[in-house]
Visitor: 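Below are the structure tokens for one structure; questions will follow.
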Amino acid sequence: METTIEKPTVMIVGAGLGGLALGILLERAQIPYDIFERTSAIKPLGSALSIGPNLIPFLEQVMPIDDFFNVSKPMTDVRSYNEQRQFVFSSDFSPIEELTGYKQHIIARPVLYDLLLRQIPSNRVHLNKRVLDIGEKDDKVFLRTSDNGYYEGDILIGADGAYSAVRQRLYESLRQKGQIPKSDLEDLPFKCTCLVGQTEMLDQEEFPQLKEPICQFWSTLGENKPYSWVTFTTGRTICWMTIEHLSKQSTKAAEDERFRHTDNSEWGPISAKAMCDETRTFPIPGGNGSLTMGDLYDRTPKHLISKVMLEEKVFETWHSGRVALLGDGA
Ligand SMILES: Cc1cc2nc3c(=O)[nH]c(=O)nc-3n(C[C@H](O)[C@H](O)[C@H](O)COP(=O)(O)OP(=O)(O)OC[C@H]3O[C@@H](n4cnc5c(N)ncnc54)[C@H](O)[C@@H]3O)c2cc1C
């Protein structure tokens, strides 16, 4: 006798990298799903991501893999420089290929985001849907959005980033029942703040490193200052990242500033501008020998420069009932 198994309906909160990746898998498995995203438009933010043997097999299964190879560059080493633009040492990544059969690749975060988004029908992603509340009722899970929307499904996935609203709601209810370890209720620690961005298309004569088929991944360590800065070539652009390594005192100042800004994934243009101004004279190797981070900031659209924190925590509790957390949310 033929049995039919009803497929569950999945609600995903957050159309970030994690939410989209899950959406792609559900699309392939023909499991009904909807993605609820708080922003009104998808903003191509970030610098570059390093993708290797842990993720390329996933991409091979969900898209023509040349789409990925055509917009990323293989990376074989990371070269470190001092502030005099002198080469200091290099970390060799080539054993990764010997061990796994896959090269490590560098791709601009906005480009990877766009690749994933293209695998999902647009009617599955609902913008302007900030999730405020979740709960379970009569064998269903529900969510409420800031525009008074109410939605029900069988499984709810919180893929809504480091400051996940789903996690906060889930933990509130578990806390009332005494079912949550104390460590899960503590603040997210972070030791770095980071400016990230990607330039517009650059002139290859001014930035000859762009001509190299291998990603030029260069890192400079600040002297007597708590900063390091990194540039990566991808296609005709340079992705960059300036990292401030925080002390106890500066962590406190950063936390206070974060507290004043409610939109957690970025601190907005004013804060990013201040950090750009502080760090624009930082020297970078290559070119005519006088390039600085300021040359890259000036060639990056201002609204695509973001300031983010590198939070470091793994929560013990990542699921309960019909709700599970994914990605930075966990
Ligand atoms: C702006 C930014 C730039 C970054 N740049 C880099 C980089 O260059 N290189 C690198 O290696 N890593 C970078 N990271 C970190 C890396 O991208 C993250 O680890 C990764 O994006 C985590 O994916 P995620 O899907 O779990 O969360 P996110 O990518 O943070 O996505 C969460 C999504 O949920 C949405 N959301 C949040 N709250 C709600 C809510 N209540 N209701 C509905 N939707 C909600 C957010 O708008 C967002 O779209 C960056 C992170 C951010 C936020």
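Remember, it's 1-based here, ligands and their atoms both numbered in the order they're listed.
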Visitor: Between R79 and F89, is NZ or CZ placed under 6.0 angstrom from the six-membered ring centre and within 45° of the ring axis?
Guide: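 That pair does not qualify as a cation-pi contact.
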Visitor: Considering only heavy atoms, does Y163 approach ligand 1 within less than 4.0 Å through its side chain, its backbone, both, or neither?
Guide: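 The answer is neither; Y163 stays 4.0 Å or more away.
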Visitor: Closest by any non-hydrogen atom to atom 42 (N) of ligand 1: pick that one out of V166, V131, L325.
Guide: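 That would be V131.
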Visitor: Answer yes or no for K302 and Y297: cation-pi contact, defined as NZ/CZ to six-membered ring centre under 6.0 Å and angle to ring axis within 45°.
Guide: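 No.
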Visitor: Tell me the closest heavy-atom pair linking S90 and D77, and the distance in Å.
Guide: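 Distance-wise, the nearest heavy atoms are OG-OD2, 3.5 Å.
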Visitor: Would you say A165 has any N or O atom under 3.5 Å from an N or O of ligand 1, going by distance alone?
Guide: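 Checking ligand 1 against A165, no N or O pair falls under 3.5 Å apart.
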Visitor: Side chains of Y227 and E278: any donor to acceptor distance under 3.5 Å?
Guide: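 Per modelled atom types, E278 and Y227 side chains form a pair under 3.5 Å.
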Visitor: Counting heavy atoms not belonging to Y150, are there more than 12 under 6.0 Å from its OH?
Guide: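 Atom OH in Y150 is packed in, count exceeds 12.
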Visitor: Who gets closest to atom 8 (O) of ligand 1 by heavy atom: G329, G19, G14, S47?
Guide: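 That would be S47.
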Visitor: Within ligand 1, which atoms have a heavy atom of G46 less than 4.0 Å away?
Guide: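 Result: 3 (C), 5 (N), 8 (O).
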Visitor: Would a 4.5 Å heavy-atom cut-off, applied to side chains only, mark I65 and I56 as touching?
Guide: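 A side-chain contact under 4.5 Å exists here.
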Visitor: Can you list the ligand 1 atoms lying under 4.0 Å from a non-hydrogen atom of F36?
Guide: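 Answer, ordered by atom number: 43 (C), 44 (N).
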Visitor: Check ligand 1 against K129 and write out every atom of the ligand that is under 4.0 Å from a heavy-atom position of the residue.
Guide: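 Per the distance check, 42 (N), 43 (C).
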Visitor: Which of the numbered atoms in ligand 1 are under 4.0 angstrom from any heavy atom belonging to G327?
Guide: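 In order of numbering, the contacting atoms are 26 (O).
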Visitor: Would you say ligand 1 has an N or O under 3.5 Å from any N or O of D328?
Guide: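 Min N/O separation from ligand 1 is below 3.5 Å for D328.
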Visitor: Could you tell me which atoms of ligand 1, counted from 1 in the order shown, lie closer than 4.0 angstrom to a heavy atom of V308?
Guide: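 This gives 1 (C), 2 (C), 3 (C), 52 (C) as the contact atoms.
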Visitor: Specify side chain, backbone, both or neither for T145, according to which of its non-hydrogen atoms lie closer than 4.0 Å to ligand 1.
Guide: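 The answer is neither; T145 stays 4.0 Å or more away.
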Visitor: Run down the list M309, E37, R130 and name the one with the heavy atom closest to atom 35 (C) of ligand 1.
Guide: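 Selected option, by shortest heavy-atom distance: E37.
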Visitor: With atoms numbered from 1 as shown, which atoms in ligand 1 lie under 4.0 angstrom from a non-hydrogen atom of A48?
Guide: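 Matching atoms, with element in brackets: 7 (C), 8 (O), 9 (N), 10 (C), 11 (O).
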Visitor: Tell me which part of R109 gets within contact of ligand 1: side chain, backbone, both or neither, using heavy atoms under 4.0 Å.
Guide: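 Only the side chain of R109 comes within reach of ligand 1.
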Visitor: Check whether more than 12 heavy atoms from other residues, nucleotides or ligands sit under 6.0 Å from atom CD of Q30, and answer yes or no.
Guide: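 Open.
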Visitor: Considering the heavy atoms of G16, write down every atom of ligand 1 situated less than 4.0 Å from one of them.
Guide: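 Those atoms are 25 (O), 29 (O), 31 (O), 33 (C), 49 (O).
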Visitor: Scan residues 311-330 for pairs that pass ring-ring contact (aromatic ring centres under 6.0 Å, His included), counting only residues two or more places apart or in two chains.
Guide: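 Listed by first then second residue: Y171-F315.
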Visitor: If the test is side-chain contact (heavy atoms from CB on, under 4.5 Å), which one of V323, D34, D133, V13 qualifies with L143?
Guide: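 So, applying the side-chain contact (heavy atoms from CB on, under 4.5 Å) to L143 and each of V323, D34, D133, V13, only V13 qualifies.
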Visitor: Linking directly or through intermediates, with side-chain heavy atoms under 4.5 Å: list the remaining ILVMFWY members grouped with Y81, chain and number order.
Guide: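 Same cluster as Y81: F87, W218.
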Visitor: Of all the atoms in ligand 1, which lie at a distance below 4.0 Å from a heavy atom belonging to G161?
Guide: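 Those atoms are 27 (O), 30 (O), 32 (C).
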